[in-house]
Enquirer: 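Before anything else, here's the structure in question.
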Amino acid sequence: MIKIRTKTKNTSLPLSQIKGSTKQRNKMAANMSRQFYTKLLSVSDGKSCSIENFCKNLNKLLNNKINFKIFKQENSKYKGNIQHNILGLKYGSDSSINLLIDGYKIFLPLDKNEQNITNIFTAIHEVRHLFDHVFNPKTNQHRLQNLYNKIDFETKKDNLTDMFLNYLDNPVKMKTFKKLVREKTDALPADITIDALQSIRNHLKTEINAYGDEIKCMSKGFGMWKNSFDIINIKLFLLQNAKFKSKLKFANKLLKEKLQNYRSANSASLNF
């Protein structure tokens, strides 16, 4: 069995600053996001901003305690993206793999000179993801264990995640979606399914937060009028294609079922 351990630094604020319930930490992240996009709007032309202003204001809010680097988004599938900055792997004597992470990489639309961010709203979206990570350290723990030492389980987990988060080109019919997800989870061991659903749930929550803040930012001041077309398109996308809130509700329900079944099975085996 391969164990994967994660060592992180510069990915979250000190515990003394983020102490509280999940609801309280989410409120902290939302407040910091609002402070950030309010300030960024004041130093932008309403659509774009300099990388210098972006980094200066973000570092100021985070007290220079979070490491992040800005890269140009080259993947046409995404407007923006955020990833952990993985420095490398170390292999332990106990057949373990130690994953070393130092902060984040933020991929954004940049101009040809890579001095300016060309879409401030995409930047706001990705920064809300950053704040969600910063205030919720558990989301920074990579849970990549292949418990059965067979790579196909990891692939199936990735496919399950894609169904919830990445197959967004067409409208989703929830009845069909739920049926397909149940088929895929039934083909996985219970512990791997539970691990996958917990990760998916966290991802769905931060997507809901990020799109929500993106729309709020676009709507500030005269933005409700100037950005009305883009706001409508995002809301239609969320309503028809993404359906993150409906998927989160289903993921929570399915996770509860799987946990109950898993605990019942374990209890029965102990009493055998």
Enquirer: Does D45 have any salt bridge (charged side-chain N to carboxylate O under 4.0 Å, His left out) partners at least two apart in sequence or in another chain, and if so, which?
Expert: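 D45: no salt bridge (charged side-chain N to carboxylate O under 4.0 Å, His left out) contacts found.
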Enquirer: Output a table of donor-acceptor pairs, distance under 3.5 Å, between side-chain atoms of residues 69-82 and any protein atom two or more places apart or on a different chain; print 'none' if there are none.
Expert:
from: Q73; atom 1: OE1; to: N75; atom 2: N; distance (Å): 3.1
from: N75; atom 1: OD1; to: K77; atom 2: N; distance (Å): 2.9

Enquirer: Keeping to residues at least two apart or across chains, list the ring pair (Phe, Tyr, Trp, His ring centres under 6.0 Å) pairs with something in residues 11-39.
Expert: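 For residues 11-39, and leaving out neighbouring residues, the ring pair (Phe, Tyr, Trp, His ring centres under 6.0 Å) pairs sorted by first residue read F36-F54.
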Enquirer: Who pairs with K243 by salt bridge (charged side-chain N to carboxylate O under 4.0 Å, His left out), at least two apart in sequence or on another chain?
Expert: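 If we apply the salt bridge (charged side-chain N to carboxylate O under 4.0 Å, His left out) test to K243, skipping adjacent residues, there are no hits.
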Enquirer: Just grab all the salt bridge (charged side-chain N to carboxylate O under 4.0 Å, His left out) pairs involving residues 104-124, residues at least two apart or on different chains.
Expert: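 For residues 104-124: none.
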Enquirer: Taking the hydrophobic residues Ile, Leu, Val, Met, Phe, Trp and Tyr, and joining any pair whose side-chain heavy atoms are under 4.5 Å apart, which ones share a cluster with L236?
Expert: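 Result for L236 is I232.
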Enquirer: What pairs meet the side-chain hydrogen bond (donor to acceptor under 3.5 Å, both in side chains) rule with one or both residues in residues 225-237, with sequence neighbours excluded?
Expert: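 Pairs touching residues 225-237 that pass the test: none.
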Enquirer: Using salt bridge (charged side-chain N to carboxylate O under 4.0 Å, His left out) as the criterion, list what pairs up with K173, not counting sequence neighbours.
Expert: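 K173 satisfies salt bridge (charged side-chain N to carboxylate O under 4.0 Å, His left out) with no other residue.
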Enquirer: Please, which pairs that meet salt bridge (charged side-chain N to carboxylate O under 4.0 Å, His left out) have at least one residue in residues 122-134, sequence neighbours excluded?
Expert: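 Listed once each, the pairs are R128-D132, R128-D213.
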Enquirer: Please list, chain by chain and in numerical order, all residues satisfying side chain to side chain donor-acceptor pair (under 3.5 Å) with N10, sequence neighbours excluded.
Expert: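 With neighbours one apart ignored, the set is D102.
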Enquirer: Let me see the working for H125 and H129 under side chain to side chain donor-acceptor pair (under 3.5 Å), right down to the final yes or no.
Expert: CA-CA 7 Å; H125 182 112; H129 285 310; 3.2 Å; yes
Enquirer: Not counting sequence neighbours, which residues clear side chain to side chain donor-acceptor pair (under 3.5 Å) with Q260? List them please.
Expert: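 Counting only residues at least two positions away or on another chain, Q260 forms no side chain to side chain donor-acceptor pair (under 3.5 Å).
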Enquirer: Can you name the residues that form a salt bridge (charged side-chain N to carboxylate O under 4.0 Å, His left out) with E257, not counting sequence neighbours?
Expert: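 Per chain and number, E257 pairs via salt bridge (charged side-chain N to carboxylate O under 4.0 Å, His left out) with R182, K253.
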